[in-house]
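Reviewing the structure listed below.
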Amino acid sequence: MFHLLEKRIAQAVASRIEALYGVGEGKPAQTEQPKQTTFGEIAMPAAFQLARQLKKAPKQIAEQLSSAVGTIEGVSAIEIAGNGYLNLRLDRGYYAAGLLAGVKEEEVRSNEKIIVEHTNINPNKAAHIGHLRNAILGDTFVRMLRSTGRTVEVQNYIDNTGVQVADVVVGFRHLEHKTATEVRELTKTTRFDYLCWDLYARISSYYADHPEAKQWRLDMLHSIEEGHSEDAELAHVVADAIVKTHLATMWRLHIVYDVLPRESEILHLQFWATAFEQLKQRKAIYFENQGKNKGCWVMPSSAFREGGTDEGGEGDESKVIVRSNGTVTYVGKDIAYQLWKFGLLGKDFHYRKWHIYPNGHQVWASTDSVQVSKDEHHFGGGARVYNVIDSRQSYLQDVVVAGLRALDYTRQAENSIHFSYEMVALSPRTCVEMGIELSDEDKKRPYVEVSGRKGLGVKADDLIDKLIEKALEEVTSRHLDEAPEKNRSAAEQIAIAALRYFMLKYTRNSVIAFDFGEALSFVGETGPYVQYATVRARNILRKLADRGESLPDFAAVLSREAMSRQLANEDCWQLLLQASKADSAIERAVASGEPAHVARFAFDLAQAFSSFYQKFHVLDEPDPEKKAFLLWMTDYFRAQLERTLDVLGVEAPEYM
RNA sequence: GGGCGCGUAGCUCAACUGGAUAGAGCAUCAGCCUUCGAAGCUGAGGGUUGCAGGUUCGAGCCCUGCCGCGCCCA
């Protein structure tokens with residue numbers, strides 16, 4: 001409703017501007033939120049923007065505009081403020097009646113498929129908090145897109161043939177002397193992702209002490225890539241088992257995927273070979289005959305860097321795509337994968353069912369042999385692709401996009417979006433709590449980077465467990481009479497809200513210095529705070545039923561005039577206005593690509609409700625019209641809170 | 001050396017992409033539970049937005065130069 005009026009006003013003002021001054025070509029005029037609520041509901045700085053073009057004082061333009069605009073449906077007044085702001089006041093009764101009737105603008109649905117790739121964890125050890133930020137950001141963005149009517153496919157790329165998997169396999173082989181069969185048994189009988197976490201740290205430090213052992217890694221990479229050996233089988237056992245644990249961890253946070261494209265298939269189905277041919281034909285890469293990159297296929301830095309050089313010289317920054325020994329780099333495979341995402345490779349994976357979630361959702365995984373008929377499932381071929389990857393990889397993402405551009409896929413290059421975010425580091429205090437030794441230099445820093453190689457970091461499941469434990473204490477202390485399993489399920493929902501909100505409240509390019517104290521907090525700007533407001537709204541409605549009363553027929557009791565009377569109360573009006581902005585807040589967050597904006601809105605909304613809750617005692621209200629109105633407000637808040645929480649991937653518990 | 005990002009209240013972060021008196025949470029202090037749940041509410045103090053210039057009706061945001069920090073590439 002708010003968005004609808006905003007658009008209507010922007011159009012009306014723009015058409016007057018065009019009629020009066022012949023500029024703007026009818027493009028919607030800019031609207032803003034006034035700084036102060038006393039200024040009205042919508043502010044327009046149009047006069048300032050026109051002042052220069054027209055060489056007139058802003059105030060004079062504003063006066064002309066306001067008298068020329070005339071009446072706009074739903075707007076009760078236009079005022080001039082400051083030295084040229086146009087401030088508009090909405091007709092409160094009209095607005096509320098529209099909300100009650102459920103008036104919405106028709107969605108501009110597009111059938112274009114948007115692909116979002118996120119999570120993308122190396123399948124060689126347990127997930128940690130850095131991975132959580134990625135998955136939660138990605139999943140929330142997917143929810144934002146879907147809730148605004150877009151079609152989205154969620155991919156989780158599995159690098160099951162890379163160095164990290166190879167290292168763990170080396171660990172099982174050379175440090176543990178285990179066969180594939182023995183390891184397969186371990187996957188069933190142990191906390192396998194934790195076991196690999198430690199083993200990975202062990203083999204990494206072994207390499208550090210015995211540099212010659214790195215030959216094991218090279219040999220291992222080779223035999224994994226070849227396939228058909230015991231080592232290759234072991235690699236699959238490890239990677240598949242770890243992927244399973246990752247999906248289970250993410251499922252705890254309500255995160256699911258549609259398809260898992262795996263690197264082993266990128267290799268076996270010759271995705272890279274196909275992309276390589278295209279790149280060679282279009283001369284996007286060339287064979288280097290001299291210098292340090294002699295014998296490699298490289299992409300000239302001019303393709304992805306401003307001011308980059310074409311020729312390999314001393315300061316050569318060209319990117320090697322194929323090494324002189326013939327192996328392809330990670331970027332090369334990434335270009336092939338990106339081409340496939342847009343349906344530009346001329347090839348597809350085969351697919352098999354990988355896992356069904358408890359809610360019935362099916363995840364598929366790539367495979368190299370036909371297991372289902374081709375027309376049963378089709379993935380990839382998106383019109384727009386978001387890669388949720390941390391900002392440390394922005395250089396590589398630039399190279400991938402340059403690859404598309406060099407192949408003349410300009411539109412796809414423009415629709416390749418690196419959805420980047422900063423890393424999650426550890427606060428020095430948290431390092432101390434975890435017994436991680438810090439150098440004097442590290443102690444002075446605001447944060448310390450986690451290291452998977454050293455096994456330093458906070459495991460995702462440990463953090464979730466800790467959150468649940470704390471939430472359970474809180475819930476139990478308030479509800480001693482409830483069944484333990486009910487308290488437990490409330491605690492789980494609270495923990496998830498705390499975690500998801502914590503990862504979302506920071507904007508994407510802010511480094512999170514992870515701190516247990518802050519992450520485990522349930523007061524103030526947190527997920528549980530938003531849940532609490534929702535629970536209280538529901539409680540009012542439930543208590544009403546307990547008293548043997550039922551919800552009035554709002555449409556019958558609350559006429560436009562009644563709404564108008566009730567909303568003369570400034571507090572009520574401001575609260576309702578705030579609650580009605582959910583759609584427009586989510587849409588704006590999509591446009592700016594910032595899930596943190598949705599989190600922030602959820603908090604503001606919860607704050608508004610808490611204030612409403614404190615100010616008005618709904619059930620005790622003697623005046624029937626006002627009581628009906630307050631009940632409607634309560635129900636409206638509840639619906640908006642639930643909708644916003646849903647976009648954040650959070651549910652409110654029955655009680656808390 | 002080059003590229004990207006960051007620097008805002010004691011601490012952690014916002015600021016609708018150039019708009020009006022820079023806002024939240026935490027922490028501190030003072031109030032509010034016999035009430036639809038206090039995981040809450042009300043209020044107070046706390047700021048030269050790293051520094052110096054520039055662009056314009058208007059700059060935390062854009063440009064230039066410094067200072068400090070981080071990441072990536074070499």
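As rounded to the nearest Å, A22(B) and G1(B) have P atoms that lie 40 Å from one another. Between G25(B) and G40(B), the distance separating the two P atoms is 10 Å to the nearest Å. Taking atom C1' in both G5(B) and A52(B), one finds a spacing of 22 Å when rounded to whole Å. Between the C1' atoms of G68(B) and U49(B), the separation comes to 16 Å (whole Å). Taking the P atom of each, U56(B) and G47(B) are spaced 32 Å apart, rounded to whole Å. Going from the P atom of C13(B) to that of C6(B) covers 14 Å, rounded to whole Å. The same atom, C1', is picked in U28(B) and in G45(B); the two are 9 Å apart, to the nearest Å. Spacing of P atoms, U12(B) relative to C73(B), comes out at 28 Å, to the nearest Å.
Distance from the side chain of Asn539(A) is smallest for C36(B) among the nucleotides C36(B), A24(B), A15(B). Candidate nucleotides A38(B), G25(B), A39(B) were compared by shortest atom distance to the side chain of Tyr613(A), and A38(B) ranks first. Nearest nucleotide to the Glu525(A) side chain, out of C71(B), G37(B), A24(B): A24(B). For Arg536(A), whose side chain is taken as the heavy atoms from C-beta onward, the closest listed nucleotide among G40(B), U17(B), A39(B) is G40(B). Nearest to the side chain of Gln607(A), among C36(B), G25(B), U21(B), sits G25(B). Here the nucleotide nearest the side chain of Gln36(A), chosen from C36(B), U21(B), A20(B), is U21(B). Counting only heavy atoms from C-beta on, Glu422(A) has its side chain closest to G5(B) among G5(B), G40(B), U12(B). Set against U12(B), C36(B), C73(B), the side chain of Val618(A) has C36(B) as its closest nucleotide.
Within residues 487-501 of chain A, the residues that place at least one heavy atom under 4.0 Å from RNA chain B are, in residue-number order, Ile494(A).
C16(B) atom P lies 21 Å from atom CG of Asp583(A), rounded to whole Å. Rounded to whole Å, the distance from NZ on Lys615(A) to P on G40(B) is 17 Å. As a whole-Å value, the separation of Leu426(A) CG from G70(B) P is 16 Å. A straight line from CZ of Phe612(A) to P of C41(B) spans 15 Å, rounded to a whole angstrom. If you measure from atom CD of Glu32(A) to atom C1' of G58(B), you get 12 Å, rounded to the nearest angstrom. The interatomic distance linking Lys627(A) (NZ) with C36(B) (P) rounds to 13 Å, in whole Å. In this structure, Glu474(A) atom CD and A38(B) atom P are separated by 15 Å, rounded to whole Å. The distance between atom CD of Glu654(A) and atom C1' of G37(B), rounded to the nearest whole Å, is 15 Å.
A stacking contact between Tyr655(A) and G37(B) is absent: the pair does not combine a ring-centre distance of less than 5.5 Å to the base's six-membered ring with planes differing by less than 30°. With centres under 5.5 Å and a plane angle under 30°, the ring of His617(A) is stacked against the base of C36(B).
In this entry the base of C33(B) is syn relative to its sugar, with a glycosidic angle within 90° of 0. Look at U17(B): its glycosidic torsion is within 90° of 0, and that puts it in the syn range.
When both pairing distances are held under 3.5 Å, U17(B) makes no Watson-Crick or G-U pair with any nucleotide shown. G65(B) is paired with C51(B) under the Watson-Crick or G-U wobble criterion, all donor-acceptor distances under 3.5 Å. Across all strands shown, C4(B) pairs with G70(B); the Watson-Crick or G-U wobble distances both stay below 3.5 Å. Base pairing analysis places C41(B) opposite G31(B); the two distances defining the Watson-Crick or G-U wobble pair are each below 3.5 Å. The partner of U56(B) cannot be assigned: no Watson-Crick or G-U wobble pair with both contacts below 3.5 Å exists in any strand. Taking a pair to require two hydrogen-bonding distances under 3.5 Å in either a Watson-Crick or a G-U wobble arrangement, U12(B) pairs with A24(B).
For Asn509(A), no side-chain nitrogen or oxygen approaches OP1 or OP2 of G5(B) to under 4.0 Å. Arg600(A) has no side-chain polar atom (N or O) that falls below the 4.0 Å cut-off from OP1 or OP2 of A24(B). Taking only side-chain nitrogens and oxygens, Lys543(A) comes nearer than 4.0 Å to OP1 or OP2 of G37(B). In terms of phosphate contacts, His479(A) brings no side-chain nitrogen or oxygen within less than 4.0 Å of OP1 or OP2 of G37(B). One finds a side-chain N or O of Tyr532(A) lying less than 4.0 angstrom from the OP1 or OP2 phosphate oxygen of A39(B). Residue Tyr447(A) places no side-chain N or O under 4.0 Å from the OP1 or OP2 atom of C69(B). Put simply, Tyr529(A) has a side-chain N or O that comes within less than 4.0 Å of OP1 or OP2 on C41(B).
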Exercise answer: donor-acceptor pairs, residues 598-620 of chain A side-chain atoms, under 3.5 Å, sequence neighbours excluded:
{"residue": "Arg600(A)", "atom": "NH1", "partner": "Glu525(A)", "partner atom": "OE1", "Å": "3.3"}
{"residue": "Ser610(A)", "atom": "OG", "partner": "Tyr529(A)", "partner atom": "OH", "Å": "3.4"}
{"residue": "Ser610(A)", "atom": "OG", "partner": "Ala606(A)", "partner atom": "O", "Å": "3.0"}

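Contact annotation for Asp546(A): no contact, since no heavy-atom pair falls under 4.0 Å across all strands. Residue contacts shown for Val320(A) are absent, as no nucleic acid heavy atom lies under 4.0 Å away.
Side-chain contact check for Tyr95(A) and Ser580(A): at least one donor-acceptor pair (N or O, by modelled atom type) lies under 3.5 Å. Counted by atom type alone, Gln397(A) and Asn387(A) present one or more donor-acceptor pairs between their side chains at under 3.5 Å.
Between the CD atom in Gln531(A) and the CG atom in Leu648(A) there is a gap of 10.5 Å [rounded to 0.5 Å]. Interatomic distance, Glu422(A) CD to Arg133(A) CZ, rounded to the nearest 0.5 Å: 7.5 Å. Considering CD1 of Ile80(A) and OG of Ser66(A), their distance stands at 3.5 Å, rounded to 0.5 Å. Rounded to the nearest 0.5 angstrom, Thr526(A) OG1 and Leu499(A) CG are separated by 12.0 Å. The structure places CG of Leu544(A) at 12.0 Å from CZ of Arg542(A), a figure rounded to the nearest 0.5 Å. With values rounded to the nearest 0.5 angstrom, Ile129(A) atom CD1 is found 11.5 Å from Met423(A) atom CE.
Between the side chain of Gln614(A) and the base of U42(B) there is no donor-acceptor pair of N/O atoms closer than 3.5 Å.
Contact annotation: the side chain of Glu32(A) never approaches that of Glu6(A) to less than 4.5 Å [non-hydrogen atoms, C-beta and beyond].
Checking side-chain atoms of Asn87(A) against main-chain N and O of Ile78(A) turns up no donor-acceptor pair under 3.5 Å. Of the possible polar contacts, one joining the Arg508(A) side chain to the Gly593(A) backbone as a donor-acceptor pair under 3.5 Å is found.
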